[in-house]
Amino acid sequence: MDTRVRVNNPGIIYFSSFYTAIGKVCIAKSNKGICRISFPCANENYFLNSIPLSRHTGTDIKSQRNDSILKYETTLLKEYFKGKLVTFDFPLDMSCGTPFQKKVWDKLLEIPYGVCRSYKWVAEEIGCPRAARAVGMANNRNPLPPVVPCHRVIGSDGKLTGYASGLHIKKQLLEMEYTTIKCRRKAKTL
């Protein structure tokens, strides 16, 4: 049974929040899809102010808490943060990005769970081989972590570099994904 809720009102951004082991997660949904995820999220007003509302319709947009409209998406995110392998199959609204940022974010969606790629790899894959730094800036502006998995992008030397939520969170997410993959492989061999 499909439990996703579609939003038809372009004048409202719906939001919700929930707690995980890494802190509070805030999530927002426009009529196009999930438009913002932030964690750890200390302040919902700051979170709501971070959503570029004018890019969604060009009209006056209101925000409204509605946990039931976001139940499907929050359930998947809760499972992810518990270390479960999930498929984020809900619509995404990346309209806040520039054409370059959207190209980067689309490429990030292709990086498999538990796998890391370099900024240079992303730059080469999108046809801009000298744009590794610009890829890093696009990652920093990613409105949809961990769904758009910018945490899976590391330096060419294998070092963890840059993450808007902090390197300790990036490390925690990568370790969680690695452990999940390792456990799944082990279970398959038993």
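Throughout, residue positions are numbered sequentially from 1 according to the sequence presented. Note that the structure is a prediction, hence the values are computed from the model and not measured.
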- Any chance you could lay out the side chain to side chain contact (heavy atoms under 4.5 Å, CB included) test for V115 and R117, step after step, and finish with the verdict? CA-CA 7 Å; V115 174; R117 299 284 190 243; 3.4 Å; yes
- Do the side chains of F90 and V147 get nearer than 4.5 Å, heavy atoms only? yes
- Item | salt bridge (charged side-chain N to carboxylate O under 4.0 Å, His left out) contacts touching residues 144-160 (sequence neighbours left out) | R152-E177
- Where do L109 and M94 land on the side chain to side chain contact (heavy atoms under 4.5 Å, CB included) test, with the steps shown first? CA-CA 12 Å; L109 288 168; M94 296 190 278; 4.2 Å; yes
- Item | Exercise: identify the closest heavy-atom pair between L144 and D93 | CD1-O, 4.3 Å
- Query: Is a side-chain donor or acceptor of Q101 paired with a backbone partner of T98 at a separation under 3.5 angstrom?
  - Reply: yes
- In Å, rounded to the nearest 0.5 Å, how long is the span from CD1 of I154 to NZ of K120? 13.5 Å
- So which pairs with a foot in residues 161-171 pass salt bridge (charged side-chain N to carboxylate O under 4.0 Å, His left out), sequence neighbours left out? K171-E175
- salt bridge (charged side-chain N to carboxylate O under 4.0 Å, His left out) with K24: which residues, sequence neighbours excluded? E44
- Message: I need the minimum non-hydrogen distance between P40 and S165, along with the two atoms involved.
- Response: CD-CB, 4.1 Å
- Item | Heavy-atom check, side chain of S95 versus side chain of K32, under 4.5 Å | yes
- Message: Does any part of the side chain of V153, heavy atoms only, come nearer than 4.5 Å to the side chain of I111, both counted from C-beta?
- Response: yes
- Query: Can you list the residues that meet the side-chain hydrogen bond (donor to acceptor under 3.5 Å, both in side chains) rule with Y113, with sequence neighbours excluded?
  - Reply: T180
- Query: Which heavy-atom pair separates I27 from I34 by the least distance, and what is that distance?
  - Reply: CD1-CD1, 3.8 Å
- Reported CH2-to-CD1 distance for the pair W121 and I126, which is rounded to 0.5 angstrom: 10.5 Å
- Task: For the residue pair I13 and K62, establish whether any side-chain heavy-atom pair is separated by less than 4.5 Å.
- Result: no
- Message: Quick check: closest heavy atoms across L173 and H151, and the distance to 0.1 Å?
- Response: CB-CD2, 3.8 Å
- Are the side chains of C41 and V25 in touch, meaning some heavy atoms are under 4.5 Å apart? no
- Message: Show me the pairs that pass salt bridge (charged side-chain N to carboxylate O under 4.0 Å, His left out) and involve residues 132-144, at least two apart or across chains.
- Response: none
- For the residue pair A123 and A131, what are the closest heavy atoms and their distance? CB-C, 3.8 Å
- Task: Using salt bridge (charged side-chain N to carboxylate O under 4.0 Å, His left out) as the criterion, list what pairs up with K107, not counting sequence neighbours.
- Result: E110, E125
- Task: Verify the distance criterion only: is there a donor paired with an acceptor across the side chains of D89 and T87 at less than 3.5 Å?
- Result: no
- Not counting sequence neighbours, which residues clear ring-ring contact (aromatic ring centres under 6.0 Å, His included) with F81? List them please. F39
- Item | salt bridge (charged side-chain N to carboxylate O under 4.0 Å, His left out) partners for D67, two or more places apart | R65
- Sorted by chain and number, sequence neighbours left out, ring-ring contact (aromatic ring centres under 6.0 Å, His included) with F100 holds for none
- Sidechain-backbone polar pair: N140 side chain, Y163 backbone, donor-acceptor under 3.5 Å: no
- What distance separates I12 CD1 from N66 CG, expressed to the nearest 0.5 Å? 9.0 Å
- Item | Straight-line distance of L70 CG to Y14 OH, nearest 0.5 Å | 10.0 Å
- Item | Atom pair CD1/NZ of I51 and K29 - distance to nearest 0.5 Å | 13.5 Å
- Message: Under a 3.5 Å distance rule, please check whether N49 uses its side chain to pair with a backbone N or O of N45 as donor and acceptor.
- Response: yes
- Decide whether M176 and L85 are clustered together by the hydrophobic rule: side chain heavy atoms of Ile, Leu, Val, Met, Phe, Trp, Tyr closer than 4.5 Å, transitively. yes
- Item | Residues that E124 engages under side-chain hydrogen bond (donor to acceptor under 3.5 Å, both in side chains), provided they are two or more places apart | none
- Query: Residues in salt bridge (charged side-chain N to carboxylate O under 4.0 Å, His left out) with K102, at least two apart?
  - Reply: none
- Message: Which residues pass the ring-ring contact (aromatic ring centres under 6.0 Å, His included) test with F18, not counting sequence neighbours?
- Response: none
- Atom pair SG (C26) and CG (N43), whose distance is rounded to the nearest 0.5 Å: 8.5 Å
- Does the side chain of F88 reach to within under 4.5 Å of the side chain of L77, using non-hydrogen atoms? yes
- Item | Residue pair C150 / L108, side-chain heavy-atom distance below 4.5 Å | yes
- Message: Can you give me the closest heavy-atom contact between P146 and Y80, atom names plus distance?
- Response: CG-CE2, 3.5 Å
- Query: With a 4.5 Å heavy-atom cut-off, do S50 and R36 have their side chains touching?
  - Reply: yes
